[in-house]
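Have a look at the structure below, then the notes.
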Amino acid sequence: MNYMPGTASLIEDIDKKHLVLLRDGRTLIGFLRSIDQFANLVLHQTVERIHVGKKYGDIPRGIFVVRGENVVLLGEIDLEKESDTPLQQVSIEEILEEQRVEQQTRLEAEKLKVQALKDREKEVQTEEVRGSQS
Amino acid sequence: MLPLNPIVVILHKEPQETKARRYQRILEEHLGLQSLVFEDISYESSLEDCPLDEDEDAFQGLGEEDEEIDQFNDDTFGSGAVDDDWQEAHERLAELEEKLPAAVNEQTGNGERDEMDLLGDHEENLAERLSKMVIENELEDPAIMTAVQTRPVLQPQPGSLNSSIWDGSEVLRRIRGPLLAQEMPAVSVLEYALPQRTPQAPEDDRDLSERALPRRSTSPVIGSPPVRAVPIGTPPKQMAVPSFNQQILCPKPVHVRPPMPPRYPAPYGERMSPNQLCSVPNSSLLGHPFPPSVPPVLSPLQRAQLLGGAQLQPGRMSPSQFARVPGFVGSPLAAAMNPKLLQGRVGQMLPPAPGFRAFFSAPPPATPPPPQQHPPGPGPHLQNLRSQAPMFRPDTTHLHPQHRRLLHQRQQQNRNQHRNLNGAGDRGSHRSSHHDHLRKDPYANLMLQREKDWVSKIQMMQLQSTDPYLDDFYYQNYFEKLEKLSAAEEVQGDGPKKERTKLITPQVAKLEHTYKPVQFEGSLGKLTVSSVNNPRKMIDAVVTSRSEDDETKEKQVRDKRRKTLVIIEKTYSLLLDVEDYERRYLLSLEEERPALMEERKHKICSMYDNLRGKLPGQERPSDDHFVQIMCIRKGKRMVARILPFLSTEQAADILMTTARSLPFLIKKDAQDEVLPCLLSPFSLLVYHLPSVTVTSLLQQLMNLPQSAAAPAPSNPHLTAVLQNKFGLSLLLVVLSRGEDLQSSDPAAESTQNNQWTEVMFTATQELLRIPQAALAKPLSIPTNLVSLFSRYVDRQKLNLLETKLQLVQGIR
């Protein structure tokens with residue numbers, strides 16, 4: 001039967017495999033077992049999937065209860081097409097390592113940017129001073 | 001107040017009584033088991049009402065008992081005490097207990113606990129019997145089921161029962177109140193538990209132990225999820241049948257607060273938790289969120305029929321079944337008829353339904369009884385409903401007659417799919433794979449059907465609205481558009497229409513609430529009590545306008561821009577109102593319409609005034625106001641939307657102003673690039689303009705000198721116009737219109753003609769001068785330009801013009 005056609009209701013999605021993206025950036029994949037009016041979710045046989053580049057790793061997590069406000073988006077996974085991915089699955093340790101490396105490079109780039117901006121700020125200040133003096 | 005030891009009394013009364021009989025009597029006395037046969041009792045019970053006459057003075061009765069007490073009775077001190085095989089006696093009594101019918105429901109006494117203590121070594125047996133009674137009571141409300149799940153009730157386990165026993169009695173005490181009013185279900189735990197096992201037998205691949213919940217050692221908190229007597233996912237013993245006679249699944253009626261449906265049948269499916277079967281209609285457990293369901297029993301044949309009917313997924317069928325029924329009302333109505341009438345009729349249909357499940361409109365698919373029988377079936381009862389329906393205003397129903405047909409077809413499809421489940425068709429195979437998944441998934445349907453319904457009910461309640469067109473404008477419009485499209489398609493072809501089920505949102509009557517602030521008696525004046533409905537002003541914000549001298553140039557510019565923005569917003573509101581009048585016409589009564597028309601005209605005038613600058617003088621002194629509006633992106637879009645509502649004169653005025661300031665506007669539009677949106681309303685307008693206006697318009701556009709004096713060497717105005725997409729397109733449109741006028745009416749006034757011809761000559765000269773590279777690409781090229789130019793220029797130049805303006809197809 002068609003629950004609430006034309007609306008975004010999660011009832012039709014129950015007992016299906018879903019991919020849920022959370023606000024903190026985590027990606028969870030699990031069977032949606034229960035919902036409520038706030039779109040709090042109960043995920044079963046959940047797996048947290050970490051993506052780095054073309055690789056991904058799965059960490060089995062069990063049962064998740066997600067508070068609705070923390071969900072960015074979720075979508076049903078087509079079980080037939082699920083394996084049809086160009087991504088390569090790796091072990092958990094490997095993916096965590098990759099993630100750490102990626103994090104590090106990002107932090108360093110961020111630092112450089114901040115530094116560059118500070119330098120430019122100083123330049124501008126000195127110019128202004130020079131300009132007002134001359 | 002109980003001076004006597006009742007046990008002693010009993011013993012005294014019938015010293016020859018056997019142990020078994022004694023136990024029975026004890027039970028009668030202390031626990032009020034009225035099902036037990038009361039023998040000749042001449043003394044009053046101290047715990048509950050006695051069936052004997054109560055005229056007797058209680059004290060006197062007690063006094064009598066006093067005398068009858070034999071302090072040194074046989075059982076304690078005599079031969080009775082010697083008798084040691086209490087176990088035997090207990091077992092016999094245990095058998096007796098089982099024979100007792102399960103209709104026990106009397107309030108237990110407060111002293112129950114104490115009594116049990118007093119029983120001494122009989123405590124455990126009694127306690128066990130108590131626990132059995134707790135089991136039976138628990139069936140009435142699954143939420144209070146304790147850990148007594150599937151343990152074997154026949155074996156006495158004296159030692160180990162203690163913890164659950166006391167918990168059981170606690171629960172019993174707690175539920176004392178609510179139980180009073182309830183009926184006992186006819187099925188006891190024993191009957192109940194056993195048949196469940198047989199269906200599970202074939203499913204050997206399931207490991208039951210995996211699914212069973214751990215036994216709880218503490219009683220459950222009320223409101224927590226119900227403890228299940230049988231593991232989750234067990235197929236139900238009985239199937240619930242939707243009682244068509246009673247239920248129509250429609251959203252709640254026109255009350256501001258929709259009342260809770262007292263009962264509606266649980267939708268059947270292949271798996272239903274036994275909890276659904278257990279709950280009775282009036283579950284009085286406080287805070288229990290799920291409405292109880294009643295499981296009528298279906299014969300296997302009926303069940304098979306129902307399952308064989310239109311079924312999308314197991315466990316999800318009945319709402320669609322239900323939703324079918326209301327549709328029959330709509331069937332006689334034609335598709336594109338007066339919506340008001342339709343709404344009125346259908347609206348009356350919808351409300352009285354106690355259920356809450358028609359999420360889609362009129363749907364009447366044929367159910368298990370063959371399709372031919374169906375129409376007369378619900379018909380009479382629908383009419384009953386209609387007669388019962390409360391009057392409510394025929395307002396915004398979302399039921400369109402299409403949907404009933406749409407849904408009918410959909411149901412047909414689903415039925416076909418179900419038949420083709422094992423093979424044919426893509427959708428069929430998809431469904432079957434889905435079914436397979438559900439079948440193999442042992443954790444499926446953890447969320448009960450009624451829980452799903454509960455959530456949808458909440459979501460539906462959130463959609464309630466007194467004025468859907470106001471609250472949910474885009475949704476309403478979108479579906480209207482879709483319907484118009486499909487209606488148009490229907491007119492054209494006879495192919496099967498695309499199915500689109502539509503959500504019926506519950507209707508709520510519009511009630512005017514005027515808030516009256518609380519007034520206290522005897523107080524001087526009115527107390528200012530601030531509340532949600534009556535907020536108190538916290539900050540006294542006063543607008544002070546600064547003097548003009550202080551402001552810097554930038555501030556002035558900024559203020560002017562802000563004023564323009566405000567004007568745009570106000571005009572936009574007027575525009576939205578004006579656009580809405582059409583819909584209001586349809587909904588209004590005859591008398592109201594002239595008033596509506598007046599309002600509309602008035603608003604259109606105000607819009608125009610806003611656009612041009614509200615100055616009372618005859619002339620519109622400056623274009624500045626309008627140009628300011630046109631510099632803002634939203635302003636341009638707004639003008640494009642307003643134009644169709646203006647009179648030709650007013651619109652022409654606007655157009656002229658635009659043409660005059662076109663280069664400036666083009667410059668300002670460089671970032672937004674919104675001007676082309678104006679092209680379409682302008683074109684429409686131009687094709688209605690008279691010749692004079694067109695001529696002057698062309699002059700304006702090309703900034704041609706009024707007189708026939710030699711043109712300036714460069715014409716930046718024209719250059720700018722030609723280099724802009726909008727400008728060029730507009731120019732071409734104007735030219736085209738001129739050509740139309742010329743060719744259609746050669747005998748027009750000569751002055752006009754002359755003017756036009758002059759202008760055209762100059763125009764062509766200018767056009768010839770402009771290098772091609774500078775030209776923009778117009779949005780559309782009118783077809784009659786070649787013939788236009790051919791009048792005024794010779795062949796060679798014509799060719800040039802053609803090439804330049806890409807007038808001939810194929811050059812591109």
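None of the values given here were measured: they were computed from a predicted structure. Chain identifiers are assigned alphabetically (A, B, ...) following the order of the sequence lines, protein sequences preceding nucleic acid strands; residue numbering begins at 1 within each chain. FYI, side chains are in, hydrogens and waters are out, and symmetry mates aren't considered; it's all heavy atoms of this structure.
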Does the pair Lys16(A)/Asp441(B) count as a salt bridge with the N-to-O cut at 4.0 Å?
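Salt bridge absent between Lys16(A) and Asp441(B).
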Any donor-acceptor pair under 3.5 Å from Arg33(A) side chain to Met447(B) backbone
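Checked: no pair found.
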Which atom of Asp15(A) lies closest to which atom of Asn445(B), heavy atoms considered:
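Where Asp15(A) meets Asn445(B) most closely, the heavy atoms are OD2-N, 2.9 Å.
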How far does [atom1] of [X] sit from [atom2] of [Y], to the nearest 0.5 angstrom?
{"X": "Phe31(A)", "Y": "Leu446(B)", "atom1": "CZ", "atom2": "CG", "value": "12.0 Å"}
{"X": "Trp454(B)", "Y": "Asp36(A)", "atom1": "CH2", "atom2": "CG", "value": "6.5 Å"}
{"X": "Ser34(A)", "Y": "Leu448(B)", "atom1": "OG", "atom2": "CG", "value": "9.0 Å"}
{"X": "Ser456(B)", "Y": "Ile35(A)", "atom1": "OG", "atom2": "CD1", "value": "7.5 Å"}
{"X": "Gln37(A)", "Y": "Met461(B)", "atom1": "CD", "atom2": "CE", "value": "10.0 Å"}

The test is side chain to side chain contact (heavy atoms under 4.5 Å, CB included); show your working for Ile11(A) and Gln459(B) and say whether it passes.
CA-CA 11 Å; Ile11(A) 296 175; Gln459(B) 292 176 333; 4.3 Å; yes
